[in-house]
Amino acid sequence: QVDVTAMARLFGYVDVTDSGFIAAVLSIAFNPLFWNVVARWEHKTRALSQVFGSPRTACYCLGAVILLLNGVRSHCFTEAMKSQPRLEGLDCHWGYYSGLAILAVGTLFVISSFLALGFTGTFLGDYFGILMEAKVTSFPFSVLDNPMYWGSTAVYLGWALM
């Protein structure tokens, strides 16, 4: 027997039929699917490198598209958060400041990951044949295996709490 009361309470706070919520879920799911499919396609065919004349230019263009898609995802997420009901227990100063602290830690991980990897290291340069000289083991990679993903998740969790 499964107790579904917690799930039923959760759906009392989330309007899954809201178009903003649906757009946010779709953009959250689409982005990693898109960039992984495109990067693997590039790795197999080198088609983007040929179209753009070099692997580096192609990687920068894909990175720009990924950044643009992330902007769309952030916008969809923000709009969904505005239209969703608020949890009364989180609608206070400690909820806001807890969210702000989580967002700050997430931002630290995302920015420090980007600085450690560089643009091509962050935006799938290895699929374009652009390899780093050595594995990055400095902060934040010395703390987490996937600091960019964990940081990004923390940013959105903090944002939601705020």
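Heavy-atom basis, side chains included; hydrogens, waters and symmetry copies ignored. If you read the sequence from its start, that first residue is 1, and numbering goes on from there.
- The two residues Leu124 and Leu62 have their closest heavy-atom pair at CD1-CD2, 4.2 Å.
- A distance-only check finds a donor-acceptor pair linking the side chain of Glu42 to the backbone of Leu48 [under 3.5 Å].
- Counting only distance, with no hydrogens or angles, the side chain of Asp18 and the backbone of Gln84 share no donor-acceptor pair below 3.5 Å.
- Nearest heavy-atom pair, Thr45 versus Gln50, reported as atom, atom and distance to 0.1 Å: O-NE2, 4.2 Å.
- Hydrophobic clustering (side-chain heavy atoms under 4.5 Å, transitive across Ile, Leu, Val, Met, Phe, Trp, Tyr) groups Tyr60 together with Phe123.
- In the hydrophobic clustering of this structure, Ile28 does not group with Val72; members are Ile, Leu, Val, Met, Phe, Trp, Tyr whose side-chain heavy atoms approach within less than 4.5 Å, directly or through other members.
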Verdict with supporting geometry, Trp159 and Thr78, side chain to side chain contact (heavy atoms under 4.5 Å, CB included): CA-CA 8 Å; Trp159 206 341; Thr78 302; 2.9 Å; yes

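- Among all heavy-atom pairs drawn from Gly118 and Thr122, the shortest one is O-OG1, 2.8 Å.
- Under the 4.5 Å side-chain contact rule for hydrophobic residues, Ile66 and Val110 share a cluster.
- Pairing each heavy atom of Pro85 with each of Asp15, the nearest pair is CD-N, 4.4 Å.
- Taken together through direct or relayed side-chain contacts under 4.5 Å among Ile, Leu, Val, Met, Phe, Trp and Tyr, Phe52 and Trp41 form part of one hydrophobic cluster.
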Side-chain atoms of residues 125-154: list all donor-acceptor pairs with protein atoms under 3.5 Å, sequence neighbours left out, distances to 0.1 Å.
| residue | atom | partner | partner atom | Å |
| --- | --- | --- | --- | --- |
| Thr153 | OG1 | Tyr149 | O | 2.9 |

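- In this structure, the separation between CH2 on Trp94 and CG on Leu161 is 8.0 Å, given to the nearest 0.5 Å.
- Donor-acceptor pairing under 3.5 Å is recorded for the side chains of Ser74 and Tyr156.
- The NZ atom of Lys82 sits 12.5 Å away from the CZ atom of Phe77 when rounded to the nearest 0.5 Å.
- Under a hydrophobic-cluster definition in which Ile, Leu, Val, Met, Phe, Trp and Tyr are linked whenever side-chain heavy atoms come within less than 4.5 Å, directly or via other members, Leu67 and Trp35 are assigned to the same cluster.
- Taking the side chain as every heavy atom from C-beta outward, Asn31 and Phe34 never approach each other to under 4.5 Å.
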